[in-house]
Amino acid sequence: MSSPSSPEAPGSGAGGPLSGMLIDFGGVLTTPIADAFGALGAEAGLAPGEALSLLARHEGARVALREHEEGRLDDEGFEDAFAQALTEAGGRLEARGLLARIAARLQLDEAMVELVREVRRRDVPVALVSNSLGRDCYARVDLDELFDVTVISGRVGVRKPSRRIYAIACERLGLPPQECVLVDDLEHNLVGAARLGITGVHHRHAGETAPRVRELLDLPSPAATP
C-alpha cells in the first residue's frame, strides 16, 4: 500500500527540533491493517490480499469506505456495502459484525504505544490523527491517557490525506504545521501532510520509527535516560 520511495516528507526539522507529534492508529499503534483484512478474507474464503483490495477496486466498497471515513455512513451501512463486495468476489460473511471482526484482529503494538507515552512524558504534545473504521476501532486504548488531542475523520468530516485534517490537529495542539511530525504507515498520507510543511516518518516497525522520532523531537534515547 506504499511505494519504496523516501519515508520522509519535506520539512524535516533541519532548522531545529520539532515540537509536536501527530500519529496514526491502525497499522502504527497496531499490527498492520493488511493482516487484519487478510484474516477476514481467509474467513470469507477469499485469496490472500483480496478483501483489502476490494476497498480500492470495488466501486460500492470504495464509495462506502470514503463515506464512512467522512462520517456520512454509519457502521452498518459500511458493513452492508463491504459484505456485498465480498459476496461478489466469491466470499461469504455476514454483514453485521464485520467491523468488529476487523478491530478484534488489530493487536496493539506495545512498543509504539510506549513511544507515545515516552513522548508525552517529555512534555511533547501528541495528536491522534486517524481515519475512522468502526465504532470499536479504538476500544483497546484510553484516548485521553495517550493523546492530548484526538482527530478522527468521521467526527470532523474530513479524512486523510486531506490537508484539512492535519490542519485541524495542529490547530488543536496550538502548533504550526512546520513544528510537527506525522507518523503514518501510508506514504500518501505523509505526502498530504507535507503540503502543510509537516515532517513525515513512514512507519514500518517500532525499531526504525522510535529512534527517528526521538531524533526529530530531540529526545534522549532510553539508554541515555537517567
Side-chain angles (χ1 to χ4, degrees), residues 1-30 32-33 66 69-71 109 111-133 137-138 141 143 146-221:
M1 296 179 67
S2 58
S3 71
S5 57
S6 170
E8 302 223 4
S12 61
L18 301 176
S19 304
M21 183 168 75
L22 283 54
I23 192 163
D24 183 33
F25 187 76
V28 175
L29 297 180
T30 75
I33 290 282
R66 181 183 186 95
E69 289 181 335
E70 293 176 347
D109 184 333
M112 288 300 297
V113 172
E114 181 53 35
L115 176 65
V116 172
R117 293 192 176 106
E118 175 189 338
V119 169
R120 290 195 73 199
R121 283 197 298 268
R122 296 290 174 176
D123 296 321
V124 175
V126 179
L128 173 69
V129 185
S130 176
N131 283 346
S132 301
L133 193 63
C137 184
Y138 312 101
V141 298
L143 296 179
L146 282 180
F147 309 106
D148 297 279
V149 167
T150 59
V151 182
I152 296 170
S153 67
R155 299 179 186 174
V156 298
V158 61
R159 66 177 190 160
K160 297 184 293 185
S162 168
R163 283 174 284 184
R164 181 59 189 148
I165 195 168
Y166 306 117
I168 290 169
C170 293
E171 288 165 7
R172 292 183 180 179
L173 287 179
L175 294 171
Q178 296 80 6
E179 290 187 17
C180 295
V181 58
L182 169 67
V183 182
D184 204 293
D185 61 323
L186 297 181
E187 190 169 11
H188 64 263
N189 289 338
L190 299 175
V191 170
R195 296 190 181 105
L196 288 178
I198 296 171
T199 298
V201 172
H202 190 175
H203 174 73
R204 297 183 180 88
H205 55 81
E208 179 182 89
T209 297
R212 184 58 182 144
V213 166
R214 294 185 189 107
E215 178 185 3
L216 289 167
L217 296 174
D218 194 27
L219 302 180
S221 67

Closest heavy-atom pair and its distance - [X], [Y]:
| X | Y | answer |
| --- | --- | --- |
| Phe147 | Ile23 | CE2-CG2, 3.8 Å |
| Cys180 | Ile198 | O-CG2, 3.5 Å |
| Leu217 | Leu18 | CD2-O, 3.6 Å |
| Val183 | Met21 | CG2-SD, 4.1 Å |
| Val124 | Ser19 | CG1-O, 3.5 Å |
| Gly20 | Leu175 | CA-CD1, 3.6 Å |

For residues [X] and [Y], determine if any side-chain heavy atom of one lies less than 4.5 Å from a side-chain heavy atom of the other.
| X | Y | answer |
| --- | --- | --- |
| Leu146 | Val126 | no |
| Leu22 | Leu173 | yes |
| Arg172 | Val156 | yes |
| Ser153 | Ile165 | yes |
| Thr209 | Val28 | no |
| Pro161 | Arg195 | no |

So, [X] side chain and [Y] main chain: donor-acceptor pair closer than 3.5 Å or not?
| X | Y | result |
| --- | --- | --- |
| His202 | Asp184 | no |
| Asn131 | Lys160 | yes |
| Tyr166 | Asn189 | yes |

Note to self: Would Val141 and Leu29 count as a side chain to side chain contact (heavy atoms under 4.5 Å, CB included) here? Give the steps.
What the structure shows: CA-CA 10 Å; Val141 298; Leu29 297 180; over 6 Å; no
Next item on the list: Test Arg66 against Glu70 for salt bridge (charged side-chain N to carboxylate O under 4.0 Å, His left out), laying out the working first.
Entry: CA-CA 6 Å; Arg66 181 183 186 95; Glu70 293 176 347; 3.4 Å; yes
Next item on the list: Could you pull out all residues at least two apart from Arg120 that satisfy salt bridge (charged side-chain N to carboxylate O under 4.0 Å, His left out)?
Entry: Asp148
Next item on the list: Decide yes or no on side chain to side chain contact (heavy atoms under 4.5 Å, CB included) for Leu133 and Phe25, but give the supporting numbers first.
Entry: CA-CA 10 Å; Leu133 193 63; Phe25 187 76; over 6 Å; no
Checklist line | Donor + acceptor pair across side chains of Thr150, Tyr138 (<3.5 Å) | finding: no
Next item on the list: Report the C-alpha separation of Leu186 and Ile33 in whole Å, then their side-chain angles, then the decisive distance to 0.1 Å, and conclude whether the side chain to side chain contact (heavy atoms under 4.5 Å, CB included) test is met.
Entry: CA-CA 11 Å; Leu186 297 181; Ile33 290 282; over 6 Å; no
Next item on the list: Take atom CZ of Arg155 as the centre, draw a 6.0 Å sphere, and report whether it contains more than 12 heavy atoms from other residues, nucleotides or ligands.
Entry: no
Next item on the list: Apply the test side chain to side chain contact (heavy atoms under 4.5 Å, CB included) to residues Asp24 and His203: give CA-CA distance (whole Å), side-chain angles for both, the deciding distance (0.1 Å), then the verdict.
Entry: CA-CA 10 Å; Asp24 183 33; His203 174 73; over 6 Å; no
Next item on the list: Calculate, to the nearest 0.5 Å, the distance between atoms CD and OG belonging to Glu215 and Ser221 respectively.
Entry: 12.0 Å
